J.: 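Following this message is one structure expressed as structure tokens.
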Amino acid sequence: MTNEKLTTRDENFSDWYNEIIQKAEMADYAPVRGCMVIKPYGWALWENIQKALDKRFKETGHQNAAFPLFIPMSFLEKEKEHVEGFSPELAVVTHGGGQELEEPLVVRPTSETIIGHMYSKWIKSYRDLPVLINQWANVVRWEMRTRLFLRTLEFYWQEGHTAHATASEAEEETLRMLHVYEDFAVNEAAIPVICGMKSETEKFAGALHSYTIEAMMGDTKALQSGTSHNLGQNFAKAFDIQYLDEKNQLQYCWTTSWGLSTRFIGAIIMTHGDDQGLVLPPRLAPIQVVIVPIFHNVEEREAVLQYTQKVLTALADFRVKLDDRFEQTPGFKFNDWEMRGVPLRIEVGPRDVANDKLVIARRDVPGKEGKEIIEFGTLTQKVSALLVDIQQSLLKKATAFRDSHIFEAQTYEDLQQSVEKGWAFSYWCESKECEAKIKEDTKATTRCIPFDQDQKSGSCVVCGKETSTKAYFAKAY
RNA sequence: CGGGGUGUAGCGCAGUUGGAAGCGCGCUGCGUUUGGGACGCAGAGGUCGGCGGUUCAAGUCCGCCCACCCCGACCA
């Protein structure tokens with residue numbers, strides 16, 4: 001399975017990415033163009049992502065529910081901007097039960113409309129608010145160009161949909177969930193992100209405004225890794241989501257939505273992966289520690305396997321895998337598990353059994369430098385400490401990489417050069433014309449207007465107009 | 001949808017002027033191996049992407065179609 005050498009990132013980042021997914025057995029191409037099968041190892045990673053997020057959603061008062069896959073076509077048409085944004089990429093069902101349907105059904109590209117419809121039924125009084133619901137679901141968007149995890153016709157995600165009494169509560173929720181994503185990305189996935197607002201052209205179709213967490217991949221391209229939208233009263237008005245306030249006045253709700261998808265797996269691969277394969281953050285890794293037994297004959301095999309049982313017991317609190325395949329050599333297994341990004345590897349051989357020791361190797365430090373011989377007695381403590389250290393190191397390394405590839409661009413020439421080697425951070429007058437010119441000339445788009453602004457003012461990198469707004473520009477996935 | 005590329009065993013590929021479908025890896029069995037990608041022997045595995053044409057004869061030549069990948073326009 002992993003017998004062949006991996007293309008290096010420098011040779012061809014795209015090939016490297018595609019190969020790593022197949023060799024690490026995360027996913028495979030499905031027989032339908034643009035669709036993928038997420039294999040057990042990839043899905044296990046997704047499950048850990050789900051757990052980490054779901055815990056945070058529950059902690060912030062949200063409940064899970066499930067809404068239908070099919071949405072009446074007419075629902076999509078109720079919000080003007082929304083239908084314009086999504087109609088080119090809708091999958092439409094026209095037949096069912098052998099007959100043509102009276103009204104075509106769209107396969108949900110996102111669920112604002114059908115959830116809005118339900119909310120209008122459920123919400124009658126200010127006492128019903130806020131409504132805080134999330135769903136874990138698959139959605140379909142008919143994309144032109146697809147890539148495993150990053151853009152497939154069908155993808156898995158969670159979409160939160162909330163309804164509030166006031167504009168400020170909705171804004172508060174939108175930001176709260178963005179920061180949940182930020183916390184998750186940084187502390188679970190070890191991916192540094194920049195939080196900010198999307199430009200008018202980049203925002204969600206139908207939103208008042210959108211917030212994003214933007215991450216830099218190993219090739220310096222940007223990846224929008226999670227988004228949170230303040231929908232204002234747009235959907236409330238389109239779907240008649242109204243409530244009676246304390247003064248018996250009929251009011252429209254303020255709604256939000258926020259989502260993070262299996263695309264995030266792509267972010268993990270492209271942020272941490274190296275030329276040996278995947279590198280997974282310990283907190284999300286399906287397997288945190290792999291044990292590779294080494295022996296030369298039957299007697300040694302018995303002794304070693306007995307010893308590994310002790311190791312398994314000592315590491316009961318971790319996600320551990322014993323690789324007791326008899327037909328593979330240790331060398332093969334080392335490479336195999338490195339390809340799969342397992343954070344720690346423990347080697348147990350006759351020498352270790354004799355001395356009551358172990359060899360422990362960390363995935364993020366290649367070769368001998370990452371290897372260490374430890375006493376069995378210190379094992380549990382050591383593994384625990386190393387996993388924490390690897391988690392921190394990955395974040396530190398990714399942050400250093402990102403920061404060294406962001407350039408303050410004062411002039412348009414600066415910006416053009418910057419987006420060829422990383423991201424540009426520049427003053428921008430917020431006009432669509434200047435934004436469009438940058439995209440036209442460089443293929444880079446505005447990634448976000450970050451929350452952290454220095455309050456100073458300068459001139460727009462394109463038109464020279466005075467502004468106090470700075471934004472990130474980068475080529476993006 | 002525009003540009004480029006590729007379709008031959010599970011994967012990667014070779015296949016000469018048209019003349020009996022091959023190689024490496026993987027897979028199965030047996031044996032020897034195992035501290036950084038082991039080895040021997042014996043096997044299994046094919047509608048050469050599809051349709052049509054030329055020819056005594058097509059993986060190979062011609063036409064059409066399809067699929068997938070990569071680069072653009074669009075997007076999580």
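Just so we're on the same page: letters track the sequence lines, and every chain starts at 1. Only a predicted model underlies this, so the values are computations on that prediction, with no experimental measurement involved.
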J.: Using the P atom as the reference point in each nucleotide, state the distance between G7(B) and U60(B) in Å, no decimals.
T.: 13 Å
J.: Can you confirm if the NZ or CZ of Arg56(A) lies within 45° of the ring axis of Trp258(A) and under 6.0 Å from the centre of its six-membered ring?
T.: no
J.: Starting from C1' on G36(B), measure out to CZ on Arg362(A) and report it in whole angstrom.
T.: 19 Å
J.: Please give me every residue in residues 284-303 of chain A whose heavy atoms get under 4.0 Å of an atom in RNA chain B, ordered by residue number.
T.: Ile294(A), Phe295(A), His296(A)
J.: Can you confirm if the aromatic rings of Trp46(A) and Phe149(A) lie within a centre distance of less than 6.0 Å?
T.: no
J.: With sugar-phosphate meaning primed atoms plus P, OP1 and OP2, does Leu150(A) contact a base, only sugar-phosphate, or nothing at under 4.0 Å between heavy atoms?
T.: base
J.: Taking the six-membered ring for Trp and the single ring otherwise, decide whether the centroids of Phe184(A) and Phe264(A) are under 6.0 Å apart.
T.: yes
J.: Measure from CZ on Phe332(A) to P on U34(B) and round the result to the nearest Å.
T.: 17 Å
J.: Could you walk me through whether Gln22(A) and Asn18(A) pass side-chain contact (heavy atoms from CB on, under 4.5 Å), step by step?
T.: CA-CA 7 Å; Gln22(A) 301 244 23; Asn18(A) 289 328; 5.7 Å; no
J.: G26(B), OP1 or OP2 - any side-chain N/O from Lys23(A) closer than 4.0 Å?
T.: no
J.: Which residues pass the salt bridge (Lys or Arg N to Asp or Glu O under 4.0 Å) test with Lys58(A), not counting sequence neighbours?
T.: Asp54(A)
J.: What's the closest nucleotide to the Asp336(A) side chain, out of G35(B), U34(B), G37(B)?
T.: G37(B)
J.: Glu143(A) side chain: which of U34(B), C74(B), C69(B) is closest?
T.: C74(B)
J.: Looking at Thr329(A), does any N or O in its side chain come under 4.0 Å of the phosphate oxygens OP1/OP2 on A38(B)?
T.: yes
J.: Could you tell me if the ring centre of Trp157(A) sits under 6.0 Å from that of Phe155(A)?
T.: yes
J.: Under 4.0 Å, heavy atoms only, any strand: does Thr152(A) hit a base, just the sugar-phosphate, or nothing?
T.: base
J.: Can you tell me the base-pairing partner of G10(B)? Count Watson-Crick or G-U wobble geometry only, both distances below 3.5 Å, and say none if there is no partner.
T.: C25(B)
J.: Does C56(B) pair with anything, Watson-Crick or G-U wobble, both distances under 3.5 Å, and if so, with which nucleotide?
T.: G19(B)
J.: Has the side chain of Thr271(A) got a donor or acceptor atom that lies under 3.5 Å from a matching backbone atom of Ile268(A)?
T.: no
J.: Going by side chain to side chain contact (heavy atoms under 4.5 Å, CB included), name the residues that satisfy it together with Leu105(A), two or more places apart in sequence or in a different chain.
T.: Phe70(A), Val93(A), Leu101(A)
J.: Please report the distance separating the P of G12(B) from the corresponding atom of G72(B), rounded so that it comes out in whole Å.
T.: 23 Å
J.: C71(B), OP1 or OP2 - any side-chain N/O from Ser14(A) closer than 4.0 Å?
T.: yes
J.: Taking atom C1' in both C23(B) and G4(B), compute the distance separating them and give it to the nearest angstrom.
T.: 29 Å
J.: Which whole-number value in Å describes the distance from Trp337(A) CH2 to G37(B) P?
T.: 18 Å
J.: For Gly349(A), report the nucleic acid contact type (base, sugar-phosphate, nothing); a contact means any heavy atom under 4.0 Å.
T.: base
J.: Which one is paired to U32(B), where only Watson-Crick or G-U wobble pairs with both distances under 3.5 angstrom count?
T.: A38(B)
J.: Out of U33(B), G35(B), C74(B), which nucleotide sits closest to the side chain of Phe326(A)?
T.: U33(B)
J.: Go ahead and name the base partner of U47(B); Watson-Crick or wobble counts if both distances stay under 3.5 Å, otherwise write none.
T.: none
J.: Under 3.5 Å, is there an N or O donor on one side and an acceptor on the other linking the side chain of Glu19(A) and the base of G12(B)?
T.: no
J.: Please report whether the ring centroid of Tyr307(A) lies less than 6.0 Å from that of Phe376(A).
T.: yes
J.: Return the nucleotide paired to G2(B): Watson-Crick means purine N1 to pyrimidine N3 with N6-O4 or O6-N4, wobble means G-U with N1-O2 and O6-N3, both under 3.5 Å.
T.: C71(B)
J.: Using whole Å, report how far CG of Leu90(A) lies from C1' of C74(B).
T.: 14 Å
J.: Sticking with atom C1', work out how far C62(B) lies from G45(B), rounded to a whole angstrom.
T.: 33 Å
J.: For G35(B) versus G43(B), give the span between their P atoms, rounded off to a whole number of Å.
T.: 30 Å
J.: Measure from the side-chain heavy atoms of Lys443(A) and tell me the nearest of G36(B), A73(B), G35(B).
T.: A73(B)
J.: From the options C74(B), C69(B), G36(B), select the nucleotide whose nearest atom is closest to the side chain of Lys371(A).
T.: G36(B)
